[in-house]
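One structure below.
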Amino acid sequence: MVPELRLGTLRDIAREARIRIITNSHKTHTPHLGSCLSCVDILVAAYFNGLRIDPKKPKDPERDRFILSKGHGAAALFQILAMKGFYPESALESYGQNGSVFAEHPPIPDHLPGIEAATGSLGHGLPIALGMALAARIRKQRYNVIALLGDGECNEGSVWEAAMMAAAQRVANLMVIVDFNKWQATGRSEEVLELTPLADKWRAFGWNAREIDGHDMVQLADVLFKKNSDGKPVAVIAHTVKGKGVSFMEDDNNWHYRIPSKEELDAACHELEIGA
Amino acid sequence: MRNAFADEATQLGDADPRIVLLSGDIGNQLFDRFKSKKDGRFFNCGIAEANMMGVAAGMALSGLRPIIYTIAPFTTSRCYEQIRDDVCCHNLPVIIVGTGSGLSYAELGPTHHSCEDLAIMRVLPNMTVLAPADEVELRQCLRAALKLSEPAYIRIGKKDEEIIQKKDENFEIGRSITVREGSDTCLIGTGTILPVVLGAADALAVQGVAARVESFHTIKPLDEKTLADVFSRYPVVAVIEEHSRIGGLGGSIAEWLTKQDRMNGRLISFGTDDSFMHKIGTQDYARARYGLTSENIACQVMAIIA
């Protein structure tokens, strides 16, 4: 269990991240706000309470790896990495400008500390994460690898190719978290391609699967720290709400692409601040 | 050629613990010696090439040196975006080996032909593109590619290719090998078509034309020094490849020519047509359908020179 005091801190970090993400979207016209807000709590739980990482040693061979396979959540990741100390906050001032590395998707690792792989095209992150997890076995290292996928991303066949290989290889140091916010870019994910029962799908592919509330820091901590002893890779189906944290963005898929106006930004920040 | 690949990869794997071999469910028994190391560095990734390429990228990001092996179209066009994004964009030292390239699997039909791979691989930034003529070149290509810290694609044949080359201490990626000297014309071959090219040189010799023959085992980076030499020296330079005339070595040299001042030599290009071959047959049959025979090449070159 996470101590109550620590829980409060994690929630504060998540709230602060949401304010920054929405402010940045308004300022830099960066879309995918709904997708970013649905995974903020997962990112905070991973970076501030799960991963064994040291921002001062971003290339430490023994570090845990986190891959944002749903690369369009980069606007959230960029804020979290700055808050974690991988680069100074001032670096984000260039966001969205010509020549900046901060845009809509993560750049390659050489261009930004804390990034493990450039993603954006969907269905790429899990195979890469699997390669990293297998490399730990070959090189006799003890790190874990987490790949965060979108539910829409589970449309991609490469996700299931990787799922089968991970199960066949019994890769126990690999975890998938699916940010199951029930929407993809242009429709309900369930209506586009049949996704449910999602946890059972992963189980059928040979994984240990668990369903949690992806906004609950206690449940997130529980899965991140649970000892994985039976040799199977782990899939966490994190039920989330797209646009989580701002009443008029929640579960409204227009915020996949929409940019908040000044009035909307103020209203969103007000809600998040009074929620403190 | 594939046996030589397996043998060389095994030797290299013995010497370098970073080397990992990934196969797309082909090469039954081919890799038994590599597998016999039992140190978990061989992976049959199944019939799932997109995942295989991503896994290789993840391994390379973790300090390993993966070598991927499967049939040419499946290791190139099948998983092209993974090559582009995961391997090339990250500029990772992944070696992609395409076996049965060109028309090697003529009898298997057009799904198994690979006459576009050079074009789609060489357009990718950071990618080195190699097409060894025989197993001697292949072994040297593989060793040289492993010394790179960047992606490389090696297109190879299948088995029992004629051995032409000798081990060359000075072998270098991007430096063509002169197989035969000649003062009248120059024939540039790439890959396993080299015996046909040499046959064309023989046929030209009968007619009193001395043809120089170059083996361009490297398509990218292009050996510009040799090109500058042959295009200034010979009135006709013929490129012969078991690949589409669009986008391969001939296309690459044509692009290069656009950047040069007026050259003495005229480029002519032999390769496969812009069409799928729906009729099956042997590799020789398929080559002949596209005019890739010694006789046709010699005849066409003679027609221009004479």
Side-chain angles (χ1 to χ4, degrees), chain A residues 58-65 67 69 71 105-112 115-141 143-147 156-171 173-174 205, chain B residues 13 16-25 34-35 37-68 70 74 78-94 96 125-126 149-151:
Chain A
K59 295 285 179 196
D60 183 352
E62 297 289 342
R63 74 192 182 281
D64 286 344
R65 274 79 164 164
I67 296 190
S69 194
H105 297 107
I108 61 169
D110 290 350
H111 287 231
L112 193 65
I115 300 290
E116 298 290 355
T119 50
S121 179
L122 297 169
H124 287 246
L126 182 53
I128 292 173
L130 171 58
M132 291 176 172
L134 287 166
R137 177 191 293 176
I138 295 165
R139 311 197 86 186
K140 300 186 170 49
Q141 293 168 324
Y143 61 81
N144 295 313
V145 188
I146 299 177
E156 294 281 6
S158 52
V159 169
W160 302 102
E161 290 183 5
M164 287 186 281
M165 184 174 176
Q169 292 288 339
R170 301 190 69 76
V171 183
N173 58 334
L174 176 64
F205 276 73
Chain B
D16 185 344
R18 299 172 307 162
I19 291 176
V20 181
L21 196 53
L22 309 175
S23 152
D25 202 32
F34 197 103
K35 289 185 218 170
K37 295 189 222 291
K38 296 196 190 308
D39 57 1
R41 289 191 289 143
F42 175 86
F43 294 89
N44 182 349
C45 295
I47 310 151
E49 295 81 5
N51 175 62
M52 175 160 64
M53 200 59 69
V55 165
M59 288 175 167
L61 278 164
S62 312
L64 296 172
R65 304 300 293 262
I67 302 173
I68 288 184
T70 189
F74 313 146
R78 174 77 192 197
C79 48
Y80 192 58
E81 194 187 69
Q82 278 73 18
I83 299 174
R84 174 182 177 271
D85 293 3
D86 304 350
V87 176
C88 289
C89 181
H90 289 82
N91 198 15
L92 297 174
V94 174
I96 301 165
N126 297 329
S149 53
E150 298 174 348

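First the proteins, then the strands, lettered A, B, ... as listed; each starts at 1.
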Only distances under 3.5 Å count here; give the side-chain donor-acceptor pairs of residues 60-68 of chain B to other protein atoms, sequence neighbours excluded, each with its distance to 0.1 Å.
from: B:Ser62; atom 1: OG; to: B:Gly58; atom 2: O; distance (Å): 2.8
from: B:Arg65; atom 1: NH2; to: B:Leu146; atom 2: O; distance (Å): 2.9
from: B:Arg65; atom 1: NH2; to: B:Leu148; atom 2: O; distance (Å): 2.4

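- For the atom pair CD1 of A:Ile128 and CG of B:Asn51, the computed distance is 10.5 Å after rounding to the nearest 0.5 Å.
- For the options B:Met53, B:Met52, B:His90, B:Met59, heavy-atom pairs under 4.5 Å to chain A are most numerous at B:His90.
- If you measure heavy-atom distances from A:Ala129 to chain B, you find no contacts under 4.5 Å at all.
- For B:Asp25, the salt bridge (Lys or Arg N to Asp or Glu O under 4.0 Å) criterion is met by no residue, not counting sequence neighbours.
- Of residues 40-50 of chain B, those residues lying under 4.5 Å from chain A by any heavy-atom pair are B:Gly40, B:Arg41, B:Phe43, B:Cys45, B:Ala48, B:Glu49, B:Ala50.
- In this structure the side chain of B:Glu81 reaches within 4.5 angstrom of the side chain of A:Ser121, judged on heavy atoms.
- Ranking A:Ser158, A:Ala118, A:Ala135 against chain B, the residue ahead of the rest is A:Ala118, based on heavy-atom pairs under 4.5 Å.
- Ranking A:His111, A:Met165, A:His124, A:Glu156 against chain B, the residue ahead of the rest is A:His124, based on heavy-atom pairs under 4.5 Å.
- The CD1 atom of A:Ile108 sits 7.5 Å away from atom CG of B:Asn91, with the distance rounded to the nearest 0.5 Å.
- Annotation for A:Lys59: atom NZ counts as buried by contact number, over 12 foreign heavy atoms lying within 6.0 Å.
- By the side chain to side chain donor-acceptor pair (under 3.5 Å) test, B:Arg84 is found to be paired with no residue, residues two or more places apart in sequence or in another chain being considered.
- With a 4.5 angstrom heavy-atom cutoff, A:Gln141 does not touch chain B via any of its atoms.
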